[in-house]
**Q** 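This is the structure I want to talk about, given as structure tokens.
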Amino acid sequence: MSRVPGWLGRLGARLTEMSERYNERRAEAEREQDDIEPGTLAGEHVPPPPDYAPDVAARPDPALAVPWGVRVAAEAGWRLLVLAGTLWVLMRVISAVQLVVLSFVIALLITAILQPTVARLRRHGVPRGPATALTAVLGFVVIGLIGWFVTWQVMENIDDLSGQIQDGIDELRNWLLNSPFHVTDKQINEIAKNLREAVGANTDQITSAGLEGVTVVVEALTGILLAVFSTLFLLYDGKRIWEWTLKLVPAAARPGVAGAGPAAWRTLTAYVRGTVIVALIDAIFIGLGIYFLDVPMAVPLAVFIFLFAFIPLVGAVVSGALAVVVALVTQGVFTAVMTLVVVLAVQQIEGHILQPFILGRAVRVHPLAVVLSVAAGGMVAGIGGAVVAVPLVAVTNTVAGYLRSYSQKSALRHSVRPRGATAVSAEPTPQPPSE
């Protein structure tokens with residue numbers, strides 16, 4: 001019995017030691033559990049990702065992966081496509097109503113000539129209605145008289161001109177026979193025969209062109225009436241028409257457009273006035289030159305030179321060539337050469353002295369832009385398009401320059417505007433009203 005308490009003591013000590021070890025291992029296991037990342041099991045080994053696994057976090061933005069130059073080209077490309085589509089639609093609309101557009105543009109050109117007269121009459125106390133009516137009547141009478149005079153001169157001299165042309169052709173034939181070019185009579189007859197056959201083969205086309213000429217005459221009369229009515233309303237109510245047009249412009253862009261309009265009108269007025277003066281000088285001096293050279297129909301040719309001068313570059317070449325051809329077939333080679341000298345001399349004076357002095361910088365357009373615009377206008381709308389192409393380019397250039405300057409000034413004003421405490425201090429101090 002004496003050994004029982006000792007055995008029980010040793011058993012209790014052994015159990016106590018086992019309990020302490022169990023508690024230590026349990027505490028160690030809890031510490032290890034706290035150190036393991038969430039989402040994994042205790043003691044589970046997580047292998048590293050394989051080398052072939054893609055690094056998702058390292059993938060760049062697709063927009064940043066595209067080179068900068070390609071992105072710039074793409075941004076500019078779709079904008080150019082939108083502009084090209086808009087221009088194509090606009091050209092289709094203009095082609096559909098070509099007669100109306102040309103009539104209105106011609107009315108604008110005529111208004112640019114007559115509007116200063118209306119303004120001068122208004123300053124002298126004449127009411128707007130009578131001033132508009134008087135100016136329009138005088139302007140259209142002058143234009144009608146010029147057309148009648150040209151037609152009368154051509155009809156009066158057509159018989160003499162036919163005989164002179166026949167004599168000139170015979171003289172040219174004799175000159176070719178005796179020229180160093182060794183042209184034979186058989187070759188000349190062969191050329192004449194080919195011309196007659198070409199005319200006979202194209203009889204149907206010539207006849208259809210004559211029938212289409214009736215339609216052209218009707219369209220021309222319609223265009224003249226539209227131009228007359230448009231000119232009357234532009235002279236009488238042009239300011240209010242412009243104010244109504246401004247209401248169609250977005251409010252944010254309205255101040256700039258409101259300033260660009262008068263600048264464009266000044267450019268158009270300067271262009272039309274300068275062109276009329278230059279064309280008149282050309283017609284007078286070339287007409288006097290061919291008159292003293294005894295070229296027939298000198299006055300009608302001078303009028304044609306005046307009208308063709310409204311087509312820059314191309315019109316001067318065509319009208320000068322017409323005068324040289326008439327001189328050649330009527331008066332011979334020497335007179336034709338002298339006519340060519342007169343035409344070239346006057347055109348050189350026009351290009352280097354008259355146009356820079358009269359037109360000035362207001363409507364200065366590069367010669368390449370003039371040639372391209374005249375060609376494009378002629379392809380789109382024929383002679384009428386060639387006439388209005390250059391003033392349209394000049395006005396567009398003025399409007400673009402004004403809007404660019406306006407935007408720069410507006411940006412400068414916004415950039416120097418005071419803010420915060422400076423804005424408060426920059427405000428003008430109100431003054432008490434003076435008694």
**Q** One pair to check against side chain to side chain contact (heavy atoms under 4.5 Å, CB included): Thr335 and Asp294. What are the steps and the verdict?
**A** CA-CA 9 Å; Thr335 305; Asp294 291 331; over 6 Å; no
**Q** Strictly distance-based, threshold 3.5 Å: is any side-chain N or O of Ser405 a donor or acceptor partner for the main-chain N or O of Gly401?
**A** no
**Q** Look only at the side chain of Ser103 and the backbone of Gly223, and say whether a donor-acceptor pair between them is shorter than 3.5 Å.
**A** yes
**Q** Name the orientation class of the two ring planes belonging to Tyr406 and Tyr402 (parallel below 30°, tilted from 30 to 60°, perpendicular beyond 60°).
**A** parallel
**Q** Among Val101, Leu108, Val100, exactly one meets side-chain contact (heavy atoms from CB on, under 4.5 Å) together with Phe104. Which residue is that?
**A** Leu108
**Q** Tell me the closest heavy-atom pair linking Ala107 and Ala227, and the distance in Å.
**A**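 Taking Ala107 first and Ala227 second, the nearest heavy atoms are CB-O, 3.6 Å.
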**Q** Identify each donor-acceptor pair in which a side-chain atom of residues 132-141 lies under 3.5 Å from a protein atom, sequence neighbours left out, and give them as a table.
**A**
from, atom 1, to, atom 2, distance (Å)
Thr132, OG1, Arg128, O, 2.8
Thr135, OG1, Ala131, O, 2.8

**Q** Please report the interatomic distance OG1(Thr339) to CG(Leu344), rounded to the nearest 0.5 Å.
**A**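 So the gap between those two atoms works out to 10.5 Å.
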**Q** I need the Asp282 CG to Phe308 CZ distance, nearest 0.5 Å.
**A**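 The distance works out to 14.0 Å.
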**Q** Give the C-alpha distance, both sets of side-chain angles, the deciding distance and a yes or no for side chain to side chain contact (heavy atoms under 4.5 Å, CB included) between Leu109 and Ile113.
**A** CA-CA 7 Å; Leu109 298 178; Ile113 300 175; 5.9 Å; no
**Q** With side chain to side chain contact (heavy atoms under 4.5 Å, CB included) as the criterion, how do Thr86 and Leu90 come out once you've worked through the C-alpha distance, each side chain's angles and the decisive distance to 0.1 Å?
**A** CA-CA 6 Å; Thr86 304; Leu90 181 62; 5.5 Å; no
**Q** Can you see which heavy atom on Ala323 is nearest to which on Leu301, and at what distance?
**A** CA-CD1, 4.3 Å
**Q** Kindly give the heavy-atom pair with the smallest separation between Val257 and Trp242, and that separation in Å.
**A** O-CZ2, 3.6 Å
**Q** Would you call Arg79 and Glu75 a salt bridge, using N to O less than 4.0 angstrom?
**A**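 Yes, this pair counts.
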